[in-house]
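Data first, discussion second: the structure below is written as structure tokens.
Source: prediction; values computed, not measured.
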Amino acid sequence: MSTSIRIDVPEALAASHSKHFGASGRAWIAALPDLAAAFLDRWALRPDGPGRHGMASLVLPVTRADGTPAALKLQPVTDEHATEPVGLRVWDGDGSVRLLDHDPDTGTMLLERLDAARPLSSVADDDTAMGVLAGLLERLVAVRAPEGLRRLADIAADMLDQVPGAVPALADPADRRLVRTCASAVAELVGEPGDRLLHWDLHYDNVLAAEREPWLAIDPKPLAGDPGFDLLPALDNRWDEVVASGDVTGTILRRFDLLTEAVRLDRQRATGWTLGRVLQNALWDVEDGETALHPAQVAIATALLRHRAG
């Protein structure tokens, strides 16, 4: 099959690549229409509707030569993205979108088609949505991570090395104390980093409705580590609604209990590794020039620390 169809690159995707990846991002965007056309030809695909995009990837709904619906995902080859097909192959559709084909040289993937118009965030009842997410998380982390993935052991050690240089950038002494507290929690656990296959970004918008199963996870950033390190993206889902509930601490702890019970995690370890995610986010924010912690991160850490102390 040969196609002359040209793909329009969304302006927001182009802007994101320019902001986050600079010249290399702009070069990738410039080559994207030809890359898409090449894989439509190579894998005998026909475009089947408007695409969607995240910060770095473009996903095009397509139809295969046999009429099967699928999704063509185009993204640059980076450390963050390179492990996605590794995780998807290991899970093989058990709780996650299924990988149908992959080109390692360009990072291009052909995926099972899910319903991009129905993310889990469309489920209004938070306990129902969190229950779905918890069930998927239980299945995903039940698998031992394969060799070659990034390891939480290395990430945690690197975070601890960064703390002394990052803390002075925070203007509020309370923020500085909280970062040190989170670092202490990580230091206690760094010798037992775990070996499970983690998604690393499992939140409501990374779970889509499907035909094969009601819901499946997408967009993993696979990592080998302790499942407790995978909880935070679920805890700060729909944060505006958490604040509007009038019971921020209660909502955080209800979500935390639901997740830890579903995955059968030790709550102390899960608390420690969740504080590790708060630390990771804090370090990223400081690197981006921020001088204060995000209020959601402070609220989650404070709630868990009080719960642990109680």
Provide the closest heavy-atom pair for [X] versus [Y] in the form atom of the first, atom of the second, distance.
| X | Y | answer |
| --- | --- | --- |
| A224 | A145 | CB-CB, 3.5 Å |
| V77 | P104 | CG2-O, 3.9 Å |
| G51 | P61 | CA-CD, 3.8 Å |
| A116 | P119 | O-CD, 3.9 Å |
| A134 | V263 | O-CG2, 4.4 Å |
| Y204 | R255 | OH-NH2, 4.4 Å |

Please check if [X] and [Y] belong to a single hydrophobic cluster, counting links between Ile, Leu, Val, Met, Phe, Trp and Tyr side chain heavy atoms closer than 4.5 Å.
| X | Y | result |
| --- | --- | --- |
| I29 | V59 | no |
| V9 | L72 | yes |
| L99 | V143 | yes |
| L137 | L258 | yes |
| L304 | V243 | yes |

Can F229 and L189 be said to form a side-chain contact (heavy atoms from CB on, under 4.5 Å), step by step? CA-CA 11 Å; F229 199 65; L189 296 171; over 6 Å; no
Taking the inter-plane angle between the rings of F256 and H307 on a 0 to 90° scale, is it parallel (under 30°), tilted (30 to 60°) or perpendicular (over 60°)?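 The arrangement is perpendicular - the two ring planes meet at more than 60°.
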Quick one: sort the W91 and H199 rings into parallel, tilted or perpendicular, breaks at 30° and 60°.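 Taking H199 first and then W91, their aromatic rings lie parallel (interplane angle under 30°).
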Would you say [X]'s side chain and [Y]'s backbone share a donor-acceptor pair under 3.5 angstrom?
| X | Y | answer |
| --- | --- | --- |
| S184 | R180 | yes |
| N206 | H203 | no |
| T302 | A299 | no |
| R176 | A171 | yes |
| R64 | L45 | no |
| T181 | R177 | yes |
| R98 | L88 | no |
| S18 | A14 | no |
| D219 | D201 | no |

Please indicate whether D8 has more than 12 foreign heavy atoms, meaning atoms of other residues, nucleotides or ligands, lying under 6.0 Å from its CG.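 Atom CG in D8 is not packed in, count stays at 12 or less.
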Should [X] and [Y] count as an ion pair when the cut-off is N to O under 4.0 Å?
| X | Y | answer |
| --- | --- | --- |
| E211 | R113 | no |
| R196 | D230 | no |
| K221 | E84 | no |

[Y] and [X], any side-chain heavy atoms less than 4.5 Å apart:
| X | Y | result |
| --- | --- | --- |
| L114 | L216 | yes |
| V179 | L279 | yes |
| H17 | L13 | yes |
| D226 | R269 | yes |
| D126 | R254 | yes |
| P233 | L202 | no |
| D285 | T291 | no |
| R46 | V62 | no |

I need the [X] [atom1] to [Y] [atom2] distance, nearest 0.5 Å.
| X | Y | atom1 | atom2 | answer |
| --- | --- | --- | --- | --- |
| R277 | D236 | CZ | CG | 9.0 Å |
| F39 | D34 | CZ | CG | 12.0 Å |
| L265 | L231 | CG | CG | 6.0 Å |
| D101 | L111 | CG | CG | 10.0 Å |
| T83 | L223 | OG1 | CG | 8.0 Å |
| W215 | L120 | CH2 | CG | 5.0 Å |

Answer with yes or no whether the side chains of [Y] and [X] bring together a donor and an acceptor at under 3.5 Å.
| X | Y | value |
| --- | --- | --- |
| D103 | T108 | no |
| S245 | D247 | no |
| E287 | Q162 | no |

Step by step, work out the side-chain contact (heavy atoms from CB on, under 4.5 Å) result for L35 and T106. CA-CA 9 Å; L35 180 66; T106 64; 4.0 Å; yes
Going through the checks in order, is the side-chain contact (heavy atoms from CB on, under 4.5 Å) test met by L32 and L58? CA-CA 9 Å; L32 181 54; L58 177 66; 3.9 Å; yes
Show your working on side-chain contact (heavy atoms from CB on, under 4.5 Å) between Q280 and L232 and close with a plain yes or no. CA-CA 11 Å; Q280 184 175 59; L232 185 64; over 6 Å; no
